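Just so it is clear, the values below take in all heavy atoms, side chains as well, and ignore hydrogens, waters and symmetry mates. Positions are given from 1, in the same order as the sequence printed here. What you see is a predicted model, and the numbers here were worked out from it, not measured in a lab.
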Amino acid sequence: YGNFIKIRDKCNVRKLTEGIDGLSGIWYYEYDGKRMPPAYPCVVKPCTSTGKIGVNIVSSEDEFMDAVSYAEKSGKGKVLVEEYIPGKEFCVETISLDSEHKVLQITDKEQTNDKHRVEIAYHQPASLPAEVVARVHRIVPEILRSIGYRDGAAHFDMKLTPEGKLSLIEINLRGGGDNISNFLVEYSTGYDYVRGIIDVAVGKFTFPTIVNRHYSGIYFLCKQTADRMKFFENADGKPWLTRKVIWSEKLKVSTTNFNRQGFLMYKSDHKVLPDE
């Protein structure tokens, strides 16, 4: 329980994971009411939020002060300022028992191009070079050991920079949200991730052999993805469609991962694209 509390603080995570071999470091600091960023663009976010709540990509001093105020109101606590990392963002699902850690799946992200970078789609398996996948499998367990994590699920957000370096965005000591852990991992690998988490908790867990058997993914509906409405409408009856929900056809701008207006999920022998 102490680790859960400790890792909720994103600034603390930065301190604990400094110096890990193969993980590219960035500048960061906890905002003290005065210190300005050494460079732009940068990221301003609450130290303890999730789901993109309170997150802003900042490009100027004027934007910075507005972003600090937004983060303070959203997170009701400390604010983290950190270097913006360019590149391809992806997430990683793991499971652990007695400090042994296994990567189960790596997921590609699609995000909005605005300052909040809200997720608008996920796809498994990630389209990463085999060499990068191997590095993720090596580095992620080292990160979990560095924070003292022993048992259960964990979800990582990471980036592959244009120079080929791996950077950590954040860690959550749970399975991935947005239907990643409860549907997409099982769709793509055949492994019931939720059952595995329960088995760890009740002392019946054994590490699985993971094989990518299918492609899986989820698309989200919001104002930023209005051009995909036709794709949503035409999805009914497709052999790859597994679930579809539209809460409202009156689309609104999504500023966090909690205020989108619908989604559809797929399982297929190929990556399903919006032109299908």
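With Asn257 contributing its side chain and Glu119 its backbone, the two residues share a donor-acceptor pair below 3.5 Å. Judged by distance alone, with hydrogens and angles left aside, the side-chain atoms of Tyr29 form no donor-acceptor pair with the main-chain N or O of Tyr31 at under 3.5 Å. With hydrogens and angles disregarded, a donor-acceptor distance shorter than 3.5 Å links the side chain of Lys159 to the backbone of Ile85. Here the side chain of Ser268 pairs no donor or acceptor atom with the backbone of Trp240 at under 3.5 angstrom. The main-chain N or O of Lys252 is found under 3.5 Å from a side-chain atom of Gln261 such that the two form a donor-acceptor pair. Panel note: side chain Lys267, backbone Thr242; no donor-acceptor pair is recorded below 3.5 Å. Looking only at distances, no side-chain donor or acceptor of Asn56 sits under 3.5 Å from a matching main-chain atom of Val58. With hydrogens and angles disregarded, no donor-acceptor distance shorter than 3.5 Å links the side chain of Asn12 to the backbone of Arg8.
Taking the charged nitrogens against the carboxylate oxygens, Glu18 and Arg14 have no contact shorter than 4.0 Å, which rules out a salt bridge. Checked for salt-bridge contact, Lys271 and Glu110 miss the test: no charged N lies under 4.0 Å from a carboxylate O. Comment: Glu82 engages Lys45 in a salt bridge, judged by a side-chain N to carboxylate O separation of less than 4.0 angstrom.
Crowding of Asp32 atom CG: a count of heavy atoms from other residues, nucleotides or ligands under 6.0 Å exceeding 12.
Between Phe207 and Phe205, the two ring planes are perpendicular [angle over 60°; tilted spans 30° to 60°]. Between Phe220 and Tyr122, the two ring planes are perpendicular [angle over 60°; tilted spans 30° to 60°].
Exactly one of His155, Gln124, Lys102 qualifies for a side-chain hydrogen bond (donor to acceptor under 3.5 Å, both in side chains) with Glu93. That residue is His155. Across His214, Gln105, His123, a single residue satisfies side-chain hydrogen bond (donor to acceptor under 3.5 Å, both in side chains) together with Ser188, and that is Gln105.
Side-chain contact of Glu276 with His270: a donor-acceptor pair under 3.5 Å is present, judged by distance alone. With 3.5 Å as the limit, one finds no donor-acceptor pair spanning the side chains of Ser96 and Tyr149.
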